[in-house]
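Read the structure below first, then the notes.
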Amino acid sequence: MAEQLLSKVLTFFFVLIIYLFIFVIIRMIYMDIRIMYKKKTGNMADAYLKLINLRRNLDFYVDESYEISDSEIIGRGKKCDIRIADSYLSAKNSRIFKHSGKFYIEDLDSTNGTYLNGEPLGDMAVELLDGDKISLGRSNFLFVLPKSTSDSKRNK
Amino acid sequence: MNKKTLDIRPLLLLFLLNALGIVVLIINKNEASQDLAVLSSIMCVVSIIAYVIIAKLKLGDPYLFIIVSMLSSVGIIMVSQLNSEAGKKQLIWYIVGVAAFFGALWVYRVLNKRLKKLTLIYYMGAVVLFTATLLFGTRIHGAKNWLFGVQPSEFIRIIYVMCLASVFFEPKSKGKKKLSKSAKWKKLFVSAFIAGTCALFLLLQKELGTLLVFGVVYLVYLYVYGDSKPFLVLNILAVVGAALFAVTVFSHVQERVIGWRDPLGTYENEGYQISLALMAVASGGFGGRGIGNSLPGNLYALESDSIFVVICEELGLMGGFAVLMLYFVLVYRGFKIALSTTNPFNKAVSVGLSVAIGIQTFIIVGGITNLIPLTGITLPFISAGGSSMVSTFMIVGMLQAISSMKGETSDELE
């Protein structure tokens with residue numbers, strides 16, 4: 001009789017563990033979705049890149065938007081911060097970085113180049129402004145600086 | 001820029017569950033509890049290694065494997081306390097299953113570009129396996145579905161999904177948006193032919209549960225990819241007609257329906273299995289009788305098809321729901337993978353595989369609780385049985401492979 005009771009109590013904990021497990025998994029999934037949602041709306045970062053092309057016209061995977069923090073290397077290679085599997089991109093194609101509150105873009109000697117508002121970049125890094133169009137390989141991005149940052153810049 | 005650290009909480013809970021299970025088995029004086037303790041520690045080590053490999057090599061979805069491990073652990077503990085030998089075997093099958101998981105993952109990733117063109121090979125493979133089962137198979141409990149100790153239909157399920165996916169998926173064609181009418185109808189008739197042949201073989205083998213899974217997978221494909229409402233309605237009518245025909249003509253189908261409509265009234269004959277199952281579930285109540293305290297009597301196929309009854313009796317309604325929720329999360333991840341992948345063939349395959357796992361769970365759980373007529377089929381990952389374990393692990397391995405290829409070039413370039 002005692003044994004039966006003991007096994008009943010342990011069974012209770014057994015079921016409890018399964019529920020805890022489900023809770024943990026669902027919480028992990030929920031956090032994942034939240035991070036993805038933030039990425040989509042771009043609320044987190046100082047600036048972000050927004051894809052202009054229709055995604056279904058591209059035969060490789062691109063996110064709708066990418067956050068830009070201090071320094072992001074864009075390319076096809078494994079070491080890039082923003083990795084796009086476009087065969088027209090070089091392994092390390094271009095870099096966007098922040099220097100004393102302003103964002104700059106530079107080309108990393110890529111084969112097909114980096115285009116800012118339709119013009120190819122030279123050796124020098126160029127400052128990025130809100131609404132600039134950046135073309136890398138076959139995808140086109142809009143550079144977006146959220147309101148607060150671009151306003152303060154204008155006041156200076 | 002991988003900011004995510006490895007989350008080990010689910011692993012810890014998995015170990016805790018296994019440890020608790022072993023303690024319960026020792027309390028119940030299970031004669032093989034020592035062997036089982038050793039084996040289940042091996043299982044824990046295997047699951048850590050697999051979990052870390054998936055996380056470190058960035059093989060996509062981190063949840064699939066751990067959910068499947070949880071389901072298997074619950075299954076192993078429930079099976080071991082009924083039959084310790086079967087439990088030991090099940091643990092070994094789990095380890096083989098993990099190997100099959102990574103095998104399927106690797107093969108699918110490597111062959112991904114070719115897999116979509118092999119419709120004929122899949123079809124031939126399925127027909128050959130079915131014919132071999134019919135010719136050389138052994139008949140166990142009414143269904144002739146065993147071939148040299150394995151159940152081929154479990155593996156044909158995978159081939160069948162791949163075959164239908166390769167017919168149905170639409171390659172991205174630029175410019176031409178819609179398929180021409182003749183191509184569309186060709187697609188529909190080819191798929192109907194494939195599904196029809198497989199259904200015929202399964203009917204000959206008297207494997208009603210698997211037949212139901214195949215049928216539902218086909219209808220889901222028609223619904224998602226068929227692009228033709230009349231054809232879908234026609235098919236649903238055909239399935240309903242075939243079911244009515246089967247009920248009136250085949251005695252073994254008739255038995256199931258009689259048992260389903262009035263299990264207690266036909267307790268002596270057709271309703272025997274379901275009556276026992278219902279009484280067992282009822283005696284479990286809300287909190288269950290406790291692991292090892294079930295009185296299942298003469299319930300047939302206790303460790304395999306009817307394992308859910310034992311779960312309900314020993315873990316209670318709460319335990320039954322917990323297990324169903326695990327399946328729910330698993331199938332949800334499957335559909336999530338289908339939605340997020342960009343390669344059309346991979347999308348089609350992941351839809352089919354997720355539906356196959358989900359509907360299989362529904363059929364056996366619904367059957368055993370008398371929601372639908374009872375048909376014998378295994379409960380994925382929990383039922384004792386090597387073929388079921390290994391083949392379902394392969395399915396999950398394929399889903400994992402698809403989720404791991406999300407960020408890579410889809411193969412429409414060539």
Side-chain angles (χ1 to χ4, degrees), chain A residues 1-33 35-36 44 54-63 66-74 76 78-89 137-138, chain B residues 1 3-4 7 9-10 12-14 16-21 23-25 27-29 62-63 66-67 70-71 73-74 77 81 172 174 287-293 314-316 318-323 325-326 328-330 332-333 336 340-343 405-413:
Chain A
M1 202 53 215
E3 264 173 24
Q4 247 183 26
L5 197 68
L6 189 60
S7 126
K8 224 173 181 173
V9 173
L10 287 177
T11 302
F12 173 75
F13 284 109
F14 190 84
V15 174
L16 198 69
I17 291 175
I18 306 180
Y19 275 105
L20 262 177
F21 177 85
I22 295 168
F23 177 76
V24 167
I25 290 281
I26 289 181
R27 215 182 121 78
M28 279 164 70
I29 294 173
Y30 170 73
M31 297 303 268
D32 258 13
I33 293 173
I35 290 168
M36 267 159 63
M44 293 276 284
L54 278 179
R55 260 216 290 208
R56 69 174 118 87
N57 293 338
L58 298 174
D59 45 26
F60 49 91
Y61 182 81
V62 206
D63 278 341
Y66 293 98
E67 287 175 29
I68 308 288
S69 43
D70 286 339
S71 169
E72 313 279 339
I73 293 174
I74 308 169
R76 192 165 40 84
K78 275 189 178 170
K79 284 180 181 165
C80 294
D81 304 305
I82 296 176
R83 193 174 161 205
I84 302 170
D86 181 356
S87 49
Y88 284 47
L89 285 178
R138 278 171 289 174
Chain B
M1 210 175 60
K3 286 167 195 159
K4 255 196 266 172
D7 198 338
R9 281 173 303 170
L12 287 179
L13 287 170
L14 182 71
L16 209 59
L17 185 105
N18 275 301
L20 202 62
V23 169
V24 175
L25 288 182
I27 289 172
N28 290 337
K29 302 197 178 77
Y63 310 111
I66 195 79
I67 296 170
M70 194 68 176
L71 279 170
S73 297
V74 173
I77 291 159
Q81 51 93 17
K172 262 189 246 172
K174 283 182 183 120
R289 282 167 170 275
I291 295 174
N293 299 344
E314 299 193 346
L315 305 183
M318 296 306 287
F321 270 133
V323 169
M325 272 168 79
L326 283 175
F328 175 76
V329 180
L330 181 66
Y332 161 75
R333 286 319 292 180
K336 183 82 189 157
S340 60
T341 182
T342 45
N343 181 324
M405 286 184 291
K406 196 173 81 177
E408 285 168 33
T409 320
S410 70
D411 56 347
E412 301 308 318
L413 276 170

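Throughout, a chain's letter reflects where its sequence line sits, starting with A, and its residues are numbered from 1. Just the heavy atoms: all of them, side chains too, but no hydrogens, waters or symmetry mates, feed the values below.
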*Under 4.5 Å, counting heavy-atom pairs only, tell me which of B:V74, B:I66, B:V323 racks up the most with chain A.*
B:I66
*Given a strict heavy-atom distance threshold of 4.5 Å, which part of B:I67 is in contact with chain A: side chain, backbone, both, or neither?*
both
*Can you measure from CG (B:L17) to CG (A:L20) and round to the nearest 0.5 angstrom?*
11.0 Å
*Between B:Y63 (side chain) and A:I26 (backbone), is there a donor-acceptor pair under 3.5 Å?*
no
*Rounded distance (nearest 0.5 Å) linking atom CD1 of A:I25 with atom CZ of B:R9*: 9.5 Å
*Once you round to the nearest 0.5 Å, how far does CZ of A:F12 lie from CD1 of B:I291?*
13.0 Å
_Going by side-chain hydrogen bond (donor to acceptor under 3.5 Å, both in side chains), name the residues that satisfy it together with A:S7, two or more places apart in sequence or in a different chain._
B:N293
*Considering only heavy atoms and a distance below 4.5 Å, find which of B:V329, B:V23, B:L326, B:L12 pairs most often with chain A.*
B:L326
*Considering only heavy atoms, which portion of A:I22 lies under 4.5 Å from any heavy atom of chain B: side chain, backbone, both, or neither?*
side chain
*So, does A:Y19 use its side chain to make a donor-acceptor pair with the main chain of B:M318 at under 3.5 Å?*
yes
*Out of curiosity, A:I17 CD1 to B:L16 CG, how far, rounded to the nearest 0.5 Å?*
4.0 Å
*CD1 of B:I27 to CG of A:L6: how many Å apart, nearest 0.5 Å?*
4.0 Å
*Would you give the length of the straight line joining atom CG of B:L14 to atom CZ of A:F21, rounded to the nearest 0.5 angstrom?*
6.5 Å
*asked:* I'd like to check the side-chain contact (heavy atoms from CB on, under 4.5 Å) partners of A:V9; sequence neighbours left out, ordered by chain and number.
replied: A:F13
*Could you tell me which portion of A:I29 (side chain, backbone, both or neither) has an atom closer than 4.5 angstrom to a non-hydrogen atom of chain B?*
both
*asked:* If I compare all heavy atoms of A:T11 with all of B:G290, which pair ends up nearest, and what's the gap?
replied: OG1-CA, 3.2 Å
_So for B:Y332, is it side chain, backbone, both, or neither that comes closer than 4.5 Å to the heavy atoms of chain A?_
side chain
